[in-house]
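Written below as structure tokens is the structure these notes are about.
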Amino acid sequence: LLGAHICLVAGDNFSCALQSDVGYADPNVCDLVKLQHRPFRVAFIDKQYVTQNSAAVAKAKSLGLSYIYGRTCENVATALPECFVASNWGHGWIGKFMWGVFSNYLGLTDDNIIAMTTVNFTSATDPKNKTSVYKGSSSYTRCVWEVNLGNIDMCVMDSWETMERRAIAQFTTALAVDRFKLITVATPDAFTLSFPMPSSFDTDSMGTIFQPLAPEVWGVHAALLVLAGLSVLFAESSRAWFKPPPPPP
């Protein structure tokens, strides 16, 4: 059974103080001052049913264009102005949830948020270790790198919290968990004692459990077990000879 957490990635530029009693973040003491009075930079990874921009989809259709999720808003040549308005990303199960957090919980508006897509990603490298920068094709991992480098404050996406990404930036508590079951089908091609056995199975391999020790060592172990058993038997049977005499009447 394999599991993968779906989380959000947040940078160090945004933090909230915790209440001492219940441990929930208090929106009244959120440390927005650390943003140095600049808008909150949020990158939305476009994905149908997850993080959708319905306004951009409608705009593309009104212009007679085809909207392709994961491409239209993430390409300089096809991106529309609607792609860069935070409230437009309040669709899909993660987009709706996060816009509720931004608007209702934190009291943020479009004026407080700079909506970004992969179009805004840089090609910057890690200034501390240029060899460790991600150069692959995953926009999810690259978005985590953008948080690490301080170019954005948060990635809104259904990202798996892999060991590689966890080592780059902070993740929120999982919003959902995908569970997988690996199922294989047995295809026996030989039968032994009415039990299906693949022809590739070597019955001689059942003796490999004894291979770590030489036969002489196993013989010593067996002899010690027999000797221990005989010793216990002798001790138990000889108790009758060493019983103290009964007290006088």
Side-chain angles (χ1 to χ4, degrees), residues 1-12 15 18-25 47 50 93-94 126 128-145 147-148 155 157-249:
L1 184 64
L2 306 177
H5 288 200
I6 298 177
C7 310
L8 303 175
V9 186
D12 295 329
S15 62
L18 297 181
Q19 296 177 352
S20 58
D21 296 333
V22 294
Y24 292 112
K47 187 175 181 181
V50 179
W93 71 274
I94 286 184
D126 185 352
K128 298 179 182 178
N129 183 5
K130 294 185 178 181
T131 61
S132 68
V133 69
Y134 177 77
K135 298 182 176 67
S137 59
S138 172
S139 58
Y140 294 90
T141 303
R142 183 62 213 181
C143 195
V144 179
W145 266 110
V147 173
N148 174 276
C155 296
M157 57 188 182
D158 59 336
S159 172
W160 287 5
E161 187 180 348
T162 63
M163 293 182 62
E164 175 192 6
R165 294 169 183 169
R166 193 187 307 120
I168 301 172
Q170 301 178 25
F171 280 75
T172 65
T173 302
L175 303 180
V177 176
D178 285 343
R179 297 187 180 277
F180 302 87
K181 289 184 178 179
L182 180 62
I183 302 176
T184 60
V185 180
T187 54
D189 49 9
F191 293 87
T192 304
L193 299 178
S194 301
F195 184 78
M197 299 288 288
S199 59
S200 58
F201 179 78
D202 184 7
T203 55
D204 295 336
S205 63
M206 298 179 65
T208 56
I209 188 175
F210 302 106
Q211 289 183 357
L213 300 179
E216 295 81 2
V217 179
W218 285 115
V220 172
H221 277 90
L224 290 174
L225 290 175
V226 172
L227 180 60
L230 292 176
S231 300
V232 173
L233 178 63
F234 174 76
E236 293 291 337
S237 61
S238 60
R239 283 185 178 181
W241 299 96
F242 298 101
K243 284 184 179 180

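Sequence positions, counted from 1, serve as the residue numbers for this chain.
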Please report, to 0.1 Å, the donor-acceptor pairs under 3.5 Å made by any side chain of residues 217-229, with sequence neighbours excluded.
unit_1 : atom_1 : unit_2 : atom_2 : d
W218   : NE1    : F210   : O      : 2.8
W218   : NE1    : L213   : O      : 3.3
H221   : ND1    : V217   : O      : 2.9

Quiz prompt | Close side-chain approach of T141 to R165, heavy-atom, < 4.5 Å | solution =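 A side-chain contact under 4.5 Å exists here.
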Quiz item: Rounded to the nearest 0.5 Å, how far does CG of N148 lie from CD1 of I168?
Solution: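 Here the interatomic distance stands at 6.5 Å.
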Quiz item: What is the distance from atom CZ of F171 to atom SG of C155, rounded to the nearest 0.5 Å?
Solution: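 If I round to the nearest 0.5 Å, the distance is 8.5 Å.
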Practice problem: Over all heavy atoms of both residues, which pair between V144 and M157 is shortest? Give the atoms and the distance, please. | Solution: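 Closest approach of V144 to M157, heavy atoms only: CG2-CE, 3.9 Å.
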